[in-house]
Amino acid sequence: QVQLVESGGGLVQAGDSLRVSCAASGRTFGGYAMAWFRQAPGKGRECVVTIDWIGETSVYADSVKGRFTISRDNAKNTLYLQMNDLKPEDAAVYYCAASNYRSADYRTGQYAYWGQGTQVTVSS
């Protein structure tokens with residue numbers, strides 16, 4: 001059973017940086033694509049960024065391009081999301097998700113495993 005545990009969320013001010021992490025267990029981490037999704041109150045879950053199994057290809061939502069960076073350390077079974085220049089509209093619960101496929105994909109249905117989420121709050 002794949003388990004994903006996010007950490008690193010918190011309360012920051014607009015313009016600040018924050019890094020969230022996702023520790024994975026239960027299968028070979030490096031064999032599958034991963035993604036970060038987020039969901040704000042009253043809104044649907046959206047894909048922030050996805051990364052392929054080897055970390056060579058990533059696809060970002062337009063709203064975070066140039067500010068957020070995804071990375072993965074397959075040796076440590078950990079996925080990261082570095083968020084810079086945070087804006088109030090970035091506030092949401094951030095979820096780590098694991099695919100059963102190798103290719104980066106923004107579609108929610110491609111992800112079979114989800115973490116419990118970590119809250120990111122951005123004050124203006």
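Bear in mind that the values here come from a model prediction, so they are computed numbers and not experimental data. The figures here come from the full heavy-atom set of this structure, side chains too, leaving out hydrogens, waters and symmetry mates.
- Applying the salt bridge (charged side-chain N to carboxylate O under 4.0 Å, His left out) rule to pairs touching residues 103-118 yields Asp105-Arg107, sequence neighbours excluded.
- Geometrically, Arg102 does not engage Tyr32 in a cation-pi contact, judged by NZ or CZ lying under 6.0 Å from the ring centre and within 45° of the ring axis.
- Inter-residue side-chain proximity for Met83 and Arg19 is flagged as unmet; no heavy-atom pair is nearer than 4.5 Å.
- Side chains of Arg27 and Asn100: a donor-acceptor N/O pair is present below 3.5 angstrom, by distance only.
- The CH2 atom of Trp36 sits 14.5 Å away from the CD atom of Glu46 when rounded to the nearest 0.5 Å.
- Remark: Thr69 OG1 to Leu81 CG distance equals 8.0 Å, nearest 0.5 Å.
- Using a 4.5 Å cut-off on side-chain heavy atoms (C-beta onward), Val12 and Thr121 make no contact.
- Aromatic pair Trp53/Tyr101: centroids not less than 6.0 angstrom apart.
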Please lay out, stage by stage, how Leu18 and Val120 fare under the test side-chain contact (heavy atoms from CB on, under 4.5 Å).
CA-CA 9 Å; Leu18 194 66; Val120 172; 4.0 Å; yes
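- By the side-chain contact (heavy atoms from CB on, under 4.5 Å) test, Gln1 pairs with no residue at all, sequence neighbours left out.
- What you find for Thr118 and Gly9 is that their closest heavy atoms are OG1-N, 3.1 Å.
- To the nearest 0.5 Å, atom OG of residue Ser58 and atom CZ of residue Arg72 are 11.0 Å apart.
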Working for side-chain contact (heavy atoms from CB on, under 4.5 Å), residues Val48 and Tyr60:
CA-CA 6 Å; Val48 176; Tyr60 291 86; 5.8 Å; no
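- Between Arg38 and Phe68 the shortest heavy-atom distance is NH1-CE2, 4.0 Å.
- Between Ser103 and Asp52 there is no side-chain heavy-atom pair separated by less than 4.5 Å.
- The 12-atom threshold is exceeded at OH of Tyr80, counting heavy atoms of other residues, nucleotides or ligands nearer than 6.0 Å.
- Rounding to the nearest 0.5 Å gives a distance of 6.5 Å between OG1 of Thr78 and CZ of Phe29.
- Tyr94 and Ala92 get closest at one heavy-atom pair: CD1-O, 3.4 Å.
- Residue Arg67 holds its CZ atom at 9.0 Å from CG of Asn84, rounded to the nearest 0.5 Å.
- Put simply, the side chain of Gln82 never gets that close to the backbone of Ile70: no donor and acceptor are under 3.5 Å apart.
- Residue Val2 is not grouped with residue Tyr95 when hydrophobic side chains (ILVMFWY) are merged at heavy-atom distances under 4.5 angstrom, including chains of intermediate members.
- Residues Phe37 and Thr108 share a closest heavy-atom pair of CE2-OG1, 3.4 Å.
- The two atoms that bring Cys96 and Met34 nearest to each other are SG-CE, 3.6 Å, heavy atoms only.
- Closest approach of Leu79 and Ala35 over heavy atoms only: CD2-O, 3.9 Å.
- Once rounded to the nearest 0.5 Å, the distance linking OG of Ser124 with CG of Leu86 reads 13.0 Å.
- The pair Lys87-Asp90 does not count as a salt bridge, with every side-chain nitrogen at least 4.0 angstrom from each carboxylate oxygen.
- Side-chain atoms of Thr50 and Tyr111 form a donor-acceptor pair, as typed in the model, at a separation below 3.5 Å.
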